[in-house]
*Asks:* 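One structure is given below, represented as structure tokens, and several questions about it will come after.
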Amino acid sequence: MTYDDVMKLALERGFYFPSSEIYADAQAGFWEYGPSGVSLKNKFLELWRRELVRRDKMIEIDGSQIMSKSVFDASGHLASFADPIVRCKKCKATHRADKIIVEVSQIEIPESADLDEFDKTIVEKNIKCPKCNGDFENAKKFNMMFEVGIGPEGESAYLRPETCQSIFVDFPRIFKTMRGKLPLGIAQTGKSFRNEIAPRQSLLRLREFYQAEIEVFCNPAKLNDLGKFSEIKDTKIRIQIDDEIKSMTCKEAVDSQTIPNEFVAYYLGLLAEFYEKTGINMEKSRFRKLGDKEKAFYAEVAFDFEVETAVGWLELVACNYRADYDLNSHATKSKEKFAVMDGDEKVLPHVFELSMGIDRSMYTILEHSLREDKENERMVLSLKPYLSPIHVGVLSLVKKDGLAEKTDEIYLNIKRKYDVFLDHSGAIGRRYRRLDEVGAPYAITIDHQTLDDDTVTIRMRDSMEQSRIKISELDEKLSKETAFP
RNA sequence: GCGGUCAUAGUAUAGCCUGGUUAGUAUUCGGGGUUUCCAACCCUGUGACGCGGGUUCGAAUCCCGCUGACCGCACCA
């Protein structure tokens, strides 16, 4: 399915839509989830908790979205999350100062350097705008963090550009009070904020977006000493090496040094098993090892988990081995002690991060699940039953003859346990089609026979097949069919 | 941020060039009827010119600005 097909579904069926859309000054990069989108997102996160957080005995926190200046001073975001930019006086085009200098003069100036240095070099080497040969204005820093003013004096703080900083900052307390033991995963879901220059494509590039992040704290001396590695050693993952994607088991990946150690391979394996269960087509996925130039400023080893969609390869998860970059910086700036005991050894833990983009995952799940059933003239959203916004539709075949009342009765009995959509009106076929489009895997229909023998028909979304089932067996059936795997 | 294309009901569109009707159509949606297991049919109802300014007796239509969407470039720690 194309991007436009997914967009249309999202708008018509309440998955997502533009924020503040009734006002003309609404800015780009902000989208809202509607009822169907929220329901899908909640279930996606429940699956994430099951497959990663609980499975690996991680613990979860929920931190502030606004954090102090010191946090981002220590994390490096104040200096490194900003691009030095120069603007052409003539054609107004904006360029990265460091890049344009390298292109013309081969002089490498780190992007965190003082602005004077860029200006000086541009003048010395007589660098002009590549588009129109015009002169540049003075270099400026464009920081992608949103600054906010706190209290009446407007003291400076920032909306977090990634959720993980609260995990690092909270680590000493959490490790102590939760009786932590290495390796320890700390997880968090929530919003992050980045002032993107050009947000695009609805959920794919947002200024305000959801992340589900996991930071695993570990003893760097024990990266190949992981008992639980056996759990995923045979799990297949697809890894891009040079231009070729190879499918191999996690064990093969470590043995061949495609992945540097068991520790990293274990978490990539968990991630692959998780995404398999979201219904994303894993044949269209890859882990891509990032080169030095692509990696974030804090990363030693980095793999992106990417999935192929109608708009190209999409990065869904960034997996970064951040080493002790973060704990070290926060320890130095705050004077707090971050080293912990691992057996008899005192270590400053290293961190491996799985930083998941929830919004992009939502889009990908929708795109990979949506199909057109031409034979039956319908669009079907073949979501996994446990992820569907609606588990089951409850329909009366006709409203009269007491069927509506009987239908209401069944609805009341199951509505608290499942996401149920009750519908009495219109042609039955039309109601089935509507349910197909929001991905409801089952529909039960109350007909005249129901009044005689207390059975209903149950219809499967994907096959359109129907069978009769006793009302008394309904709960057991639904419970089994909509359960998380 | 630069360049190109574009902006009319929930969705998809006609009308714009050549200014003047009650802004048309399809579908969706609400109510009613008929049928009774897969978007049928009949009746009925709700629903739109992105925002701001200008020209004009009169603007969805012409002009300017803004905002947004799409596509390329750049950006994506």
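What you see is a predicted model, and the numbers here were worked out from it, not measured in a lab.
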*Asks:* Taking the P atom in each of B:C43 and B:C38, what is the distance between them to the nearest angstrom?
*Replies:*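 Their P atoms lie roughly 24 Å apart.
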
*Asks:* If pairing requires Watson-Crick or G-U wobble contacts with both distances under 3.5 Å, which nucleotide is the partner of B:C29?
*Replies:*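 Across all strands, the one nucleotide that pairs with B:C29 is B:G45.
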
*Asks:* Less than 3.5 Å between a donor and an acceptor, one on the side chain of A:Asp447 and one on the base of B:C37, is that the case here?
*Replies:*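 Pair found.
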
*Asks:* Between A:Glu162 and A:Ser355, is any side-chain donor less than 3.5 angstrom from a side-chain acceptor?
*Replies:*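 There is no such pair between these side chains.
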
*Asks:* Taking atom C1' of B:A39 as reference, at what distance in whole Å does atom CD of A:Glu12 sit?
*Replies:*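 Distance, rounded to whole Å: 13 Å.
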
*Asks:* Classify every nucleotide of nucleotides 67-73 of chain B by which part a protein heavy atom approaches to under 4.0 Å, writing B for the base, S for the sugar-phosphate alone and - for neither, in 5'-to-3' order.
*Replies:* SSSSBBB

*Asks:* So, does A:Arg87 get its side chain near the phosphate of B:C2, meaning an N or O under 4.0 Å from OP1 or OP2?
*Replies:*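 The answer is no; no side-chain N or O of A:Arg87 sits under 4.0 Å from OP1 or OP2.
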
*Asks:* If you measure from the C1' atom in B:U55 to the same atom in B:A14, how many Å do you get, rounded?
*Replies:*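 It works out to 27 Å between them.
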
*Asks:* Between B:G20 and B:G1, how far apart are the two C1' atoms, rounded to whole Å?
*Replies:*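 Rounded to whole Å, the distance is 43 Å.
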
*Asks:* Do the side chain of A:Ser192 and the main chain of A:Thr163 share a donor and acceptor less than 3.5 angstrom apart?
*Replies:*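 Between the backbone of A:Thr163 and the side chain of A:Ser192 there is a qualifying donor-acceptor contact (under 3.5 Å).
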
*Asks:* What's the NZ-P distance between A:Lys8 and B:U28, to the nearest Å?
*Replies:*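 That distance rounds to 11 Å.
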
*Asks:* Nearest whole angstrom, please: distance from the P of B:A9 to the CD of A:Glu21.
*Replies:*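 Checked: the CD to P distance equals 11 Å.
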
*Asks:* Under a 3.5 Å threshold, yes or no: a donor from one side chain and an acceptor from the other, between A:Tyr16 and A:Asp359?
*Replies:*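 A:Asp359 and A:Tyr16 do not have a side-chain donor-acceptor pair below 3.5 Å.
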
*Asks:* Can you figure out which of B:C37, B:G31, B:C29 approaches the side chain of A:Arg434 most closely?
*Replies:*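 Closest of the options to the side chain of A:Arg434: B:C29.
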
*Asks:* Can you tell me if the side-chain N/O atoms of A:Arg96 get under 4.0 Å from OP1 or OP2 in B:A74?
*Replies:*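 For B:A74, OP1/OP2 do not have a side-chain N/O of A:Arg96 under 4.0 Å.
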
*Asks:* Could you identify the nucleotide paired to B:C51, looking across every strand shown and requiring Watson-Crick or G-U wobble geometry with both distances under 3.5 Å?
*Replies:*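 Pairing partner, where one exists within any strand: B:G65.
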
*Asks:* In residues 449-466 of chain A, which ones come under 4.0 Å of RNA chain B, going by heavy atoms?
*Replies:*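 Here the set is A:Thr457, A:Arg459, A:Met464, A:Gln466.
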
*Asks:* If we take the C1' atom in both B:G10 and B:U5, what is their distance in whole Å?
*Replies:*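 These two C1' atoms come out 25 Å apart once rounded.
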
*Asks:* Under 4.0 Å between a Lys/Arg side-chain N and an Asp/Glu carboxylate O for A:Lys333 and A:Asp73?
*Replies:*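 The answer is yes: the pair qualifies as a salt bridge.
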
*Asks:* Measure CZ/A:Arg288 against P/B:C76 and give the value in whole Å, please.
*Replies:*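 Answer to the nearest Å: 14 Å.
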
*Asks:* Any donor-acceptor pair under 3.5 Å linking the side-chain atoms of A:Arg459 with those of A:Thr445?
*Replies:*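 Side-chain D/A pair, A:Thr445 to A:Arg459: absent.
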
*Asks:* Looking at B:C76, B:A39, B:G1, which one has an atom nearest to any side-chain atom of A:Ile197?
*Replies:*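 The answer is B:G1, which lies nearest to the side chain.
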
*Asks:* Does one side chain, of A:Gln211 or A:Thr189, offer a donor that lies under 3.5 Å from an acceptor on the other?
*Replies:*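 A:Gln211 vs A:Thr189: no donor-acceptor pair found between side chains.
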
*Asks:* Does A:Arg433 contact B:C38 through a side-chain donor or acceptor facing the base, at a distance under 3.5 Å?
*Replies:*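 When only heavy-atom distances are counted, A:Arg433 does reach the base of B:C38 through a donor-acceptor pair under 3.5 Å.
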
*Asks:* Is the ring centre of A:Phe274 less than 6.0 Å from the ring centre of A:Phe44?
*Replies:*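 Yes, the ring centres sit under 6.0 Å apart.
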
*Asks:* Given the P atoms of B:U46 and B:C64, what is the spacing between them in whole Å?
*Replies:*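 Each nucleotide's P atom is 38 Å from the other's.
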
*Asks:* With a 6.0 Å cut-off (strictly less than), is the heavy-atom count around CD of A:Gln201, excluding the residue itself, greater than 12?
*Replies:*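 Counting neighbours around CD of A:Gln201, more than 12 heavy atoms of other residues, nucleotides or ligands fall under 6.0 Å, so yes.
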
*Asks:* Using the C1' atom on both, measure B:G52 against B:A40 and round to a whole Å.
*Replies:*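 To the nearest whole Å, 48 Å.
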
*Asks:* Taking only N and O in the side chain of A:Arg430, is any of them less than 4.0 Å away from OP1 or OP2 of B:C29?
*Replies:*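 It does, given that an N or O in the side chain of A:Arg430 lies less than 4.0 Å from OP1 or OP2 of B:C29.
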
*Asks:* If you check every side-chain atom of A:Leu11, which of B:U11, B:C37, B:A39 has the closest atom?
*Replies:*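 Nearest nucleotide to the side chain: B:U11.
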
*Asks:* Would you confirm whether the ring centroid of A:His350 sits within less than 6.0 angstrom of the ring centroid of A:Phe217?
*Replies:*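 A:Phe217 vs A:His350: aromatic centres not under 6.0 Å.
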
*Asks:* Is it true that a side-chain atom of A:Tyr418 and a backbone atom of A:Ser479 form a donor plus acceptor pair closer than 3.5 Å?
*Replies:*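 It does hold such a pair.
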
*Asks:* If the P atom of B:G4 is compared with that of B:C16, how far apart are they to the nearest Å?
*Replies:*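 Here B:G4 and B:C16 have their P atoms 25 Å from each other.
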
*Asks:* With a 3.5 angstrom cut-off on both distances, give the Watson-Crick or G-U wobble partner of B:C38, or none if there isn't one.
*Replies:*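 Its partner: none found.
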
*Asks:* Return the pairing partner of B:C73 with a 3.5 Å limit on both distances, Watson-Crick or G-U wobble; otherwise return none.
*Replies:*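 Across all strands, the one nucleotide that pairs with B:C73 is B:G1.
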
*Asks:* Are the ring centres of A:Tyr275 and A:Phe305 closer than 6.0 Å?
*Replies:*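 Yes; A:Phe305 has its ring centre under 6.0 Å from that of A:Tyr275.
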
*Asks:* Measure NZ/A:Lys141 against C1'/B:C75 and give the value in whole Å, please.
*Replies:*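 Distance, rounded to whole Å: 16 Å.
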
*Asks:* For A:Lys399, which contact category applies under a 4.0 Å heavy-atom criterion: base, sugar-phosphate, or nothing?
*Replies:*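 Sugar-phosphate: the residue A:Lys399, judged by heavy atoms under 4.0 Å, touches backbone atoms but no base.
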
*Asks:* When rounded to the nearest Å, what value does the distance between C1' atoms of B:U67 and B:A12 take?
*Replies:*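 Here B:U67 and B:A12 have their C1' atoms 23 Å from each other.
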
